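Beneath this line is the structure, given in structure tokens, with notes to follow.
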Protein chains: 2
Amino acid sequence: MPDNNDYKEVLTREGIKSTKHRKAILEILEMAETPLTVEEIFLTLKEKHASIWLSTVYRTLEILTSKDLVIKSTIMGDDKARYELNHNEHKHHVVCVGCHKRISFEDCPVNEFEKALKERMDFDVTAHKLEIYGYCKDCKFTK
Amino acid sequence: MPDNNDYKEVLTREGIKSTKHRKAILEILEMAETPLTVEEIFLTLKEKHASIWLSTVYRTLEILTSKDLVIKSTIMGDDKARYELNHNEHKHHVVCVGCHKRISFEDCPVNEFEKALKERMDFDVTAHKLEIYGYCKDCKFTK
DNA sequence: TCTCATTTGCAAATCGTTCGCATTTGCGTT
DNA sequence: AACGCAAATGCGAACGATTTGCAAATGAGA
């Protein structure tokens with residue numbers, strides 16, 4: 001992502017229009033510390049005095065996801081999708097069952113395992129998804 | 001699970017009524033090779049000439065899940081929940097992006113990693129979810 | 001400035017799932 | 001076997017997250 005947060009170039013490079021809603025949504029995701037729901041993004045846009053319809057947020061996120069600028073994820077037990085900026089890093093999340101905080105980590109225990117799968121199951125791995133649940137240091141004493 | 005597929009004892013042991021719908025759903029999940037959606041379960045019940053409402057299937061699955069007889073899961077990119085009989089085994093799924101076949105495996109590369117998380121992040125792990133995507137041996141040549 | 005394909009406003013529709021209430025059923029008790 | 005009653009199901013509506021349709025607005029190339 002460009003240092004000066006200029007998404008115009010990024011959007012143009014992907015062959016799509018650089019609209020104010022798209023840039024605003026990308027900025028909101030960049031500022032967010034954790035993946036956001038559509039409603040959270042929508043409300044943040046409203047706070048910034050932007051006029052936008054919820055269906056537009058959905059459409060915009062769908063376009064940005066299809067261009068790999070944004071990552072869409074759902075998490076076990078959560079029926080709402082969440083979105084985050086795609087930093088092109090390989091990372092996963094630890095999720096606290098108590099406070100629902102999500103902490104990302106980049107060490108991946110699955111990489112070596114994928115080679116074993118190719119050998120044992122004749123399976124060509126292209127991606128994986130890992131989520132780890134438990135209690136963070138703040139919540140482990142209140143469970 | 002009982003060898004003679006008699007779920008009456010299982011349901012009674014959990015303190016809930018042993019109804020024909022519940023036994024039928026447990027049997028369908030036992031016969032299934034992969035986790036099933038609510039609609040698939042509903043249609044299979046219909047094929048067996050059972051009269052049932054979709055809302056009853058949802059309620060029954062919710063009760064069976066709460067008693068740990070059934071496992072509910074969602075998978076990346078799939079907006080429908082899926083259900084499978086709980087064999088009390090620790091396993092994960094490899095999912096073929098081509099034919100959507102799901103193959104389970106029991107080796108788990110995450111177990112050792114959980115200890116590292118406790119040490120490094122002061123995080124008490126209680127569960128994890130792992131899905132691996134790619135192409136099975138039948139689809140790798142058509143991608 | 002003009003043009004036009006793309007995007008958004010606006011609102012309804014869809015889908016997966018849950019809820020409310022009347023009726024039926026499973027099962028413990030007699 | 002009959003009875004009673006709490007739980008389960010029939011029936012259909014409701015809910016929330018998401019998608020769709022169409023007219024109007026906008027971004028960007030010429």
Side-chain angles (χ1 to χ4, degrees), chain A residues 6-28 35-46 48-67 69-83, chain B residues 6-28 35-46 48-67 69-83:
Chain A
D6 183 1
Y7 294 108
K8 181 177 167 60
E9 183 184 328
V10 173
L11 292 162
T12 304
R13 188 189 309 141
E14 293 296 335
I16 56 177
K17 283 183 177 179
S18 175
T19 68
K20 68 179 183 181
H21 287 339
R22 290 175 180 175
K23 289 186 286 190
I25 289 175
L26 287 168
E27 279 167 20
I28 287 167
L36 302 177
T37 65
V38 174
E39 187 180 8
E40 287 168 337
I41 295 167
F42 176 70
L43 292 175
T44 306
L45 282 163
K46 291 284 221 174
K48 288 180 159 197
H49 309 306
S51 172
I52 190 168
W53 285 74
L54 195 56
S55 54
T56 299
V57 182
Y58 274 99
R59 280 206 246 254
T60 302
L61 288 167
E62 165 56 27
I63 282 281
L64 296 175
T65 301
S66 74
K67 299 297 184 184
L69 299 174
V70 162
I71 293 172
K72 174 180 183 181
S73 64
T74 54
I75 204 155
M76 196 163 77
D78 196 341
D79 56 352
K80 288 179 178 178
R82 285 180 179 268
Y83 298 83
Chain B
D6 182 1
Y7 295 107
K8 181 177 165 65
E9 180 182 330
V10 173
L11 292 161
T12 303
R13 188 189 308 142
E14 295 295 336
I16 56 177
K17 281 184 178 178
S18 175
T19 68
K20 67 179 183 181
H21 288 337
R22 289 176 183 175
K23 288 187 285 192
I25 288 176
L26 287 168
E27 279 168 19
I28 288 168
L36 301 176
T37 64
V38 174
E39 187 178 11
E40 288 168 337
I41 295 166
F42 175 69
L43 292 175
T44 306
L45 283 163
K46 293 282 221 172
K48 291 180 158 196
H49 308 306
S51 171
I52 191 170
W53 284 73
L54 193 57
S55 53
T56 300
V57 181
Y58 274 97
R59 279 204 246 256
T60 303
L61 287 167
E62 165 56 28
I63 282 281
L64 296 177
T65 299
S66 73
K67 300 297 183 184
L69 299 175
V70 162
I71 293 172
K72 175 182 184 179
S73 64
T74 55
I75 203 155
M76 194 166 78
D78 196 341
D79 55 355
K80 289 178 177 179
R82 288 183 176 267
Y83 298 84

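It should be emphasised that the depicted structure is a prediction, and the values quoted were computed from it without experimental measurement. Order of the sequence lines sets the chain letters (A, B, ...), proteins ahead of strands, with each chain counted from 1.
Annotation for Thr12(A) and Ser18(A): closest pair OG1-CB, 4.5 Å, computed over non-hydrogen atoms.
Taking atom CG of residue Leu54(B) and atom C1' of nucleotide dT9(D), one finds them 13 Å apart after rounding to whole Å. Counting to the nearest Å, the C1' atom of dA8(D) and the OH atom of Tyr58(B) are 19 Å from each other. As rounded to whole Å, 17 Å separates atom P of dA17(D) from atom CD1 of Ile75(A). A straight line from CG of Asp78(B) to C1' of dT18(D) spans 15 Å, rounded to a whole angstrom. Rounded to whole Å, atom P of dG12(D) lies 16 Å from atom CD1 of Ile52(B). In this structure, Leu61(B) atom CG and dT9(D) atom P are separated by 11 Å, rounded to whole Å. Rounded to whole angstrom, the span from the CD atom of Glu39(A) across to the C1' atom of dA17(D) amounts to 10 Å. We find that CD1 of Ile16(A) is positioned 11 Å from P of dA28(D), with the value rounded to whole Å.
Comparing Ser55(B) and Thr12(B) by the nucleotide of DNA chain C whose heavy atom lies nearest to each, the residue mapping closer to the 5' end is Ser55(B). Along DNA chain C, the nucleotide closest to Ala81(B) and the one closest to Thr19(B) are compared, and the more 5′ of them pairs with Ala81(B). Nearer to the 5' terminus of DNA chain D, by closest-nucleotide assignment, is the contact made by Gly15(B) (compared with the other of Asp79(A) and Gly15(B)).
Put simply, Trp53(B) has no side-chain N or O that comes within less than 4.0 Å of OP1 or OP2 on dT9(D). His21(A) has no side-chain polar atom (N or O) that falls below the 4.0 Å cut-off from OP1 or OP2 of dT26(D). For Lys17(B), no side-chain nitrogen or oxygen approaches OP1 or OP2 of dA7(D) to under 4.0 Å.
Under 4.0 Å is where a charged nitrogen must lie from a carboxylate oxygen, and between Glu62(A) and Lys72(A) no such pair does. Note on Arg13(B) versus Glu9(B): salt bridge recorded, some NZ/NE/NH1/NH2 to OD/OE distance being below 4.0 Å.
Arg59(A) comes within 4.0 angstrom of a base, heavy atoms only. At a threshold of 4.0 angstrom between heavy atoms, the contacts of Ile63(A) with the nucleic acid are absent.
With Thr56(B) contributing its side chain and Ile52(B) its backbone, the two residues share no donor-acceptor pair below 3.5 Å. In this structure, the side chain of Arg82(A) engages the main chain of Pro35(A) through a donor-acceptor pair within 3.5 Å. Using a distance-only test at 3.5 Å, with no hydrogens or angles considered, no donor-acceptor pair links the side chain of Arg22(A) to the main chain of Leu11(A).
Extent of DNA chain C lying under 4.0 Å from chain A heavy atoms, first and last nucleotide in 5' to 3' order, is dA5(C) to dA11(C).
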(Q) Set out, in order, the CA-CA distance, both residues' side-chain angles and the distance that settles side-chain contact (heavy atoms from CB on, under 4.5 Å) for Val10(B) and Leu26(B), then state yes or no. (A) CA-CA 10 Å; Val10(B) 173; Leu26(B) 287 168; 5.5 Å; no

